[in-house]
Peer 1: 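I am attaching a structure below and will ask some questions about it afterwards.
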Amino acid sequence: MESFTLAHVPQDLSVVYTALYTSVTNSVEIRRRIVAAATAEGEAGDKEREAVDFAFVDARLVTSRSHLRTAIHQAVLAAARGALRTKTVHSEILFMLNPTNNISEAIRRYGVSDGSTSLLVVRICAPQVGEEQALAAADAVVQGERRPVDELPNVVDWAAVKKYHKLNGEAAVQKLKGDTPAECLLVDNIVTSTVAAKTVLA
């Protein structure tokens, strides 16, 4: 699990933990738990919301660590300013990753789906939540193989990324067809820039 700290934001938003899981086998259950936790009441509901208090991101649509961190940073800034478009800072990450402002589309595309086999799990929290605690909580929810975030490029679905960002007709992208590394680098730069500019253009 990777961690980093964000400066100049409230303490409860200042620490970020991320983990990559591949060969995930319980995406259906994870999605069911997220939906149930949103409406559950009482102590049991609070306990379940705490258990799934992560952003569960479909890893095949995240092109790089920079792409993910840009979305995280934008979501945290929105939370710090009281300007969330979604209900939580974790769902805001999904919103920031999506190239449009359609919230339900963002959750459907970038969140965990019944068919998700690779997930990026993100926890935004206060410094009191240690890495071991965050990791144990993530492992308790996701049944899969935890891999270094550096291995993210191995699971990216570049065709889906280009489709959702409408890049198949982009002249610069077409010009690089046949040079896969250069094309992927360009696409990563475009989608990361799209996330970075999203709040400015809103």
Side-chain angles (χ1 to χ4, degrees), residues 1-4 6 13 15-35 37-38 49 51-79 84-125 134-135 137-165 187-188 191-192 194-196 198:
M1 178 169 265
E2 292 188 355
S3 66
F4 61 95
L6 296 171
L13 299 169
V15 176
V16 181
Y17 296 111
T18 61
L20 172 65
Y21 291 84
T22 61
S23 303
V24 176
T25 59
N26 68 325
S27 293
V28 173
E29 179 189 353
I30 295 171
R31 196 171 76 84
R32 180 191 59 75
R33 290 183 66 179
I34 294 169
V35 173
R49 277 186 286 279
V52 295
D53 189 21
F54 295 92
F56 297 94
V57 184
D58 192 326
R60 70 191 181 90
L61 298 177
V62 180
T63 56
S64 65
R65 181 189 280 104
S66 179
H67 185 204
L68 177 65
R69 287 196 175 188
T70 303
I72 291 169
H73 192 257
Q74 294 286 68
V76 169
L77 288 179
L84 290 175
R85 299 281 193 93
T86 65
K87 292 183 178 180
T88 71
V89 68
H90 290 130
S91 56
E92 195 78 3
I93 295 171
L94 305 179
F95 173 74
M96 290 298 176
L97 286 167
N98 195 45
T100 77
N101 289 324
N102 187 315
I103 294 172
S104 60
E105 178 186 80
I107 292 171
R108 185 176 68 252
R109 284 182 177 176
Y110 287 85
V112 60
S113 68
D114 290 352
S116 296
T117 57
S118 299
L119 292 174
L120 282 160
V121 179
V122 182
R123 177 76 182 268
I124 297 169
C125 54
L135 183 57
D139 282 346
V141 177
V142 183
Q143 295 174 11
E145 184 178 353
R146 188 162 17 94
R147 306 297 303 167
V149 177
D150 284 340
E151 295 186 15
L152 180 59
N154 297 336
V155 302
V156 177
D157 183 341
W158 292 99
V161 172
K162 287 187 288 184
K163 175 184 175 182
Y164 292 153
H165 285 264
V187 170
D188 175 48
V191 300
T192 301
T194 299
V195 174
K198 187 164 187 174

Peer 1: With a 4.5 Å heavy-atom cut-off, do Val141 and Phe56 have their side chains touching?
Peer 2: yes

Peer 1: Answer whether the closest heavy-atom distance between the side chains of Ser64 and Thr192 falls below 4.5 Å.
Peer 2: yes

Peer 1: Is there a side chain to side chain contact (heavy atoms under 4.5 Å, CB included) between Val121 and Val142? Walk through the geometry before answering.
Peer 2: CA-CA 9 Å; Val121 179; Val142 183; 4.0 Å; yes

Peer 1: Just jot down the side-chain hydrogen bond (donor to acceptor under 3.5 Å, both in side chains) partners of Thr63, sequence neighbours excluded, or say none.
Peer 2: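 Partners of Thr63 by the side-chain hydrogen bond (donor to acceptor under 3.5 Å, both in side chains) criterion, ordered by chain and then number, come out as His67, Asp188.
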
Peer 1: How long is the straight-line distance from CE of Met96 back to OG1 of Thr194, given to the nearest 0.5 Å?
Peer 2: 13.0 Å

Peer 1: Can you name the nearest heavy-atom pair linking Arg49 to Ala37, along with the distance?
Peer 2: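 Reported closest heavy-atom pair: NH1-O, 2.6 Å.
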
Peer 1: To the closest 0.5 Å, what do you measure between CZ (Phe4) and OG1 (Thr18)?
Peer 2: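 If I round to the nearest 0.5 Å, the distance is 6.5 Å.
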
Peer 1: Only counting residues at least two apart or in another chain, list the ones meeting salt bridge (charged side-chain N to carboxylate O under 4.0 Å, His left out) with Arg60.
Peer 2: Asp58, Asp157

Peer 1: Going by side chain to side chain contact (heavy atoms under 4.5 Å, CB included), name the residues that satisfy it together with Arg31, two or more places apart in sequence or in a different chain.
Peer 2: Val112, Asp114

Peer 1: Once side-chain hydrogen bond (donor to acceptor under 3.5 Å, both in side chains) is applied, do any residues pair with Ser27, and if so which ones, sequence neighbours excluded?
Peer 2: none

Peer 1: Examine distances only and state if a side-chain atom of Glu92 and a backbone atom of Arg85 form a donor-acceptor pair shorter than 3.5 Å.
Peer 2: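 At least one qualifying donor-acceptor pair exists.
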
Peer 1: Once side chain to side chain contact (heavy atoms under 4.5 Å, CB included) is applied, do any residues pair with Ala51, and if so which ones, sequence neighbours excluded?
Peer 2: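 Result, side chain to side chain contact (heavy atoms under 4.5 Å, CB included) vs Ala51: Arg33, Glu48.
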
Peer 1: Just jot down the side chain to side chain contact (heavy atoms under 4.5 Å, CB included) partners of Gln143, sequence neighbours excluded, or say none.
Peer 2: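 Gln143: side chain to side chain contact (heavy atoms under 4.5 Å, CB included) contacts with Thr25, Asn26, Glu29.
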
Peer 1: Can you see which heavy atom on Val155 is nearest to which on Ser118, and at what distance?
Peer 2: CG1-OG, 3.7 Å

Peer 1: Apply side-chain hydrogen bond (donor to acceptor under 3.5 Å, both in side chains) to Ser66 and list each qualifying residue two or more places apart in sequence or on a separate chain.
Peer 2: none

Peer 1: Could I get the full list of salt bridge (charged side-chain N to carboxylate O under 4.0 Å, His left out) partners for Asp53, not counting sequence neighbours?
Peer 2: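 If we apply the salt bridge (charged side-chain N to carboxylate O under 4.0 Å, His left out) test to Asp53, skipping adjacent residues, the hits are Arg123.
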
Peer 1: Side chains of Tyr17 and Cys125: closer than 4.5 Å at any heavy-atom pair?
Peer 2: yes

Peer 1: Test of understanding: with side chain to side chain contact (heavy atoms under 4.5 Å, CB included), list the residues that count as partners of Leu94, not counting sequence neighbours.
Peer 2: Val57, Ile107, Tyr110

Peer 1: List in chain and number order the residues that pass side-chain hydrogen bond (donor to acceptor under 3.5 Å, both in side chains) with Ser113, two or more places apart in sequence or in another chain; answer none if no residue qualifies.
Peer 2: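 For Ser113, the residues satisfying side-chain hydrogen bond (donor to acceptor under 3.5 Å, both in side chains) (neighbours in sequence not counted) are Ser116.
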
Peer 1: Kindly indicate whether the side chain of Leu77, heavy atoms from C-beta on, has any atom under 4.5 Å from the side chain of Gln74.
Peer 2: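 In short, these two side chains touch, coming nearer than 4.5 Å.
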
Peer 1: Does any donor atom in the side chain of Asn98 or Thr100 lie under 3.5 Å from an acceptor atom in the other side chain?
Peer 2: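 Yes, Thr100 and Asn98 have a side-chain donor paired with an acceptor closer than 3.5 Å.
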
Peer 1: Just wondering, do Leu84 and Phe95 contact through their side chains at under 4.5 Å, heavy atoms?
Peer 2: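 They are not in contact (no side-chain heavy atoms under 4.5 Å apart), so the answer is no.
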
Peer 1: Find the distance between CD1 (Ile124) and NE2 (His90) and round it off to the nearest 0.5 Å.
Peer 2: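 Reported to 0.5 Å precision, the distance equals 4.5 Å.
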
Peer 1: How many angstroms lie between atom CG of Leu68 and atom CG of Leu97, to the nearest 0.5 angstrom?
Peer 2: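 Nearest 0.5 Å value for the CG-CG distance: 6.5 Å.
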
Peer 1: Can you list the residues that meet the salt bridge (charged side-chain N to carboxylate O under 4.0 Å, His left out) rule with Arg108, with sequence neighbours excluded?
Peer 2: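 For Arg108 there are no salt bridge (charged side-chain N to carboxylate O under 4.0 Å, His left out) partners, ignoring immediate neighbours.
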
Peer 1: I'd like a table of donor-acceptor pairs (distance under 3.5 Å, sequence neighbours excluded) in which one partner is a side-chain atom from residues 144-153, with atom names and distances.
Peer 2:
unit_1	atom_1	unit_2	atom_2	d
Glu145	OE2	Arg147	NH1	3.1
Arg146	NE	Asp139	OD1	3.3
Arg146	NH2	Asp139	OD2	2.9
Arg147	NE	Glu151	OE1	3.0
Arg147	NH2	Glu151	OE1	3.3
Arg147	NH2	Glu151	OE2	2.8
Asp150	OD1	Arg65	NH1	3.3
Asp150	OD1	Arg65	NH2	2.5

Peer 1: Output, in order, the C-alpha distance, side-chain angles, deciding distance and verdict of side chain to side chain contact (heavy atoms under 4.5 Å, CB included) for Ser23 and Thr117.
Peer 2: CA-CA 5 Å; Ser23 303; Thr117 57; over 6 Å; no

Peer 1: How many angstroms lie between CZ in Phe54 and CD1 in Ile30, if you round to the nearest 0.5 Å?
Peer 2: 10.5 Å

Peer 1: Please report the interatomic distance NZ(Lys198) to CG(Asn101), rounded to the nearest 0.5 Å.
Peer 2: 5.0 Å

